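As structure tokens, the structure follows; a few thoughts come after it.
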There are 2 protein chains.
Amino acid sequence: MNTLSYGLLSLLAQSSYSGYDLMLRIQPFWPAKHSQIYPLLAKLEQEDYIRFELVPQRDKPDKKVYSLTGKGQEALKDWFDQPTAEPALRDEMMLKVFCMSYADRESARKMLADRLAYHKEQRRKYEHKLAELKEREGWPEAGLPAPSHPLFGAYLLTRKAIMSNETNTEWCKWVLSLLPEAD
Amino acid sequence: MNTLSYGLLSLLAQSSYSGYDLMLRIQPFWPAKHSQIYPLLAKLEQEDYIRFELVPQRDKPDKKVYSLTGKGQEALKDWFDQPTAEPALRDEMMLKVFCMSYADRESARKMLADRLAYHKEQRRKYEHKLAELKEREGWPEAGLPAPSHPLFGAYLLTRKAIMSNETNTEWCKWVLSLLPEAD
DNA sequence: TTCCTATATGTAAATATAGACATATAAGCT
DNA sequence: AGCTTATATGTCTATATTTACATATAGGAA
């Protein structure tokens, strides 16, 4: 049981999902390809942490909808109380910034403009997710979901993503302001 | 040549470092163990991107001090103009937050308090690095280093780290305020 | 019609990363 | 005297992760 496994269980604690859904939803928190997810789900199913139901679909391939077993729920609780690993950020751009004084002004500006566009697109997605959350049944009519609310965690994470997004956007704009166009 | 390789070249563009130094300095931007760094440096040296000088030391083991070759400098410039990969953040805590509504209040508070302590310690290190930068020779007496200054990138990255640190700290405190102690 | 994207699931091979084993010196702690 | 930490470099093995190969249906774009 590695961290990604627990991440999948954690998502399944909130709702049942197909492997494809899980793959898409875990991206913002733990990037992984489907080639890593599917074998892991098969292993978790074999070891009785999760089970699946085959759901035939029209217009789309059939899917396996996974849900937590009792053993899975217990594993999740045990994991929660274990020490948490430090976050690991790997960003090629930060490595490039290190040698920025040796690069062309235009190259540097382009790199930052690209990152800014990336953040803008991400921001759009986060706002969409927030709107989606607020339409989910059980969402409180006023204020935030309580800590016991199943959507509490998802809400906190979306807020976190938006906060980080704003900070990163601000940083990119600041750096661009230090690199005036050389027209 | 993978991203870590370019990261090492990027650090060496700024100054000469031993493998041990490189390992320590690249951590905030691209976490890697010495067991990954040393073989990579040997490969980069074999392929003439970097060279080293054996430096005997008293009181400490001898070291290899690496520096960029002309080929390394060219590779760095070419890399800079290539499209930059998206950042990848892997944080076990974010996965735990997803299922936080199913965990004990105390466990959740402990997790966040631990993270807060981690951020505080990191903040101390970043401030130290900033102070260190300002003592380096060539640092401008007033204002920021110019974009052409060799320390420009390091300064931008330290500022970025501090900004993110503040945002993450703020988020942790906000979540803790939503989880009052159940004394 | 051909290409690309999204949905959906899988496997095989290559690469990246982490953990353990190995060695050496010196300082500080118990 | 033995333990831990920091400096310093390396290898070997296990695991994690990515890339490529595979297949199937449907919709939209060119």
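Each chain gets a letter, A, B and so on, in the order its sequence line appears, and its residues count up from 1. Predicted model, so just to flag it, every value in this text is computed and none were measured.
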B/Pro61 side chain, from C-beta outward: closest of C/dG10, C/dA24, D/dT9: C/dA24
Closest to side chain of A/His34, choosing from D/dA8, D/dG10, D/dA20: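 For A/His34, the side-chain atoms sit closest to D/dA20.
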Phosphate OP1/OP2 of [N] contacted by [X] side-chain N/O (<4.0 Å):
X       : N      : answer
B/Lys33 : C/dA20 : no
A/Lys64 : C/dG10 : yes
A/Trp30 : D/dA16 : no
A/Gln57 : C/dA8  : yes
B/Tyr20 : D/dT7  : yes

Calculate the interatomic distance between [X] atom [atom1] and [N] atom [atom2]; express it in whole Å.
X       : N      : atom1 : atom2 : result
B/Met23 : C/dG19 : CE    : C1'   : 14 Å
A/Asn2  : D/dT17 : CG    : P     : 6 Å
B/Phe52 : D/dA8  : CZ    : P     : 16 Å
B/Lys43 : D/dT9  : NZ    : P     : 19 Å
B/Asp21 : D/dT9  : CG    : C1'   : 13 Å
A/Leu54 : C/dT9  : CG    : P     : 9 Å
A/Arg25 : C/dA8  : CZ    : P     : 11 Å
B/Ile37 : D/dT7  : CD1   : C1'   : 16 Å

Sugar-phosphate, base or nothing in reach of A/Arg90, heavy atoms under 4.0 Å: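 The residue A/Arg90 makes sugar-phosphate contact but no base contact.
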Sugar-phosphate only, base, or nothing, as touched by B/Ala32 at under 4.0 Å among non-hydrogen atoms: sugar-phosphate
Earlier contact from the 5' end, DNA chain D, for A/Leu4 and A/Arg58: A/Leu4
Whichever of A/Pro31 and B/Val65 has its nearest DNA chain D nucleotide further upstream toward 5':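 That would be B/Val65.
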Aromatic ring pairing B/Trp139/B/His149, orientation class (parallel under 30°, perpendicular over 60°, tilted between):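 If you compare the ring of B/Trp139 with that of B/His149, the planes turn out perpendicular.
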Salt-bridge contact A/Asp81-A/Lys77 (side-chain N to carboxylate O under 4.0 Å):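 Salt bridge absent between A/Asp81 and A/Lys77.
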A/Ser35 (side chain) and D/dT19 (base): donor-acceptor pair under 3.5 Å: yes
Smallest separation among heavy atoms of B/Cys99 and A/Trp79, with atom names: SG-CZ3, 4.1 Å
Minimum heavy-atom distance B/Val65-B/Ser16, with the two atoms named: CG1-CB, 3.7 Å
NZ/A/Lys120: more than 12 non-hydrogen atoms of other groups inside 6.0 Å: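 At most 12 heavy atoms, drawn from other residues, nucleotides or ligands, come within 6.0 Å of this atom.
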Crowding at CD, A/Glu106 (>12 non-hydrogen neighbours, <6.0 Å): no
Whichever of A/Gln36 and A/Lys63 has its nearest DNA chain C nucleotide further upstream toward 5':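 With A/Gln36 and A/Lys63 compared, the 5'-side residue is A/Lys63.
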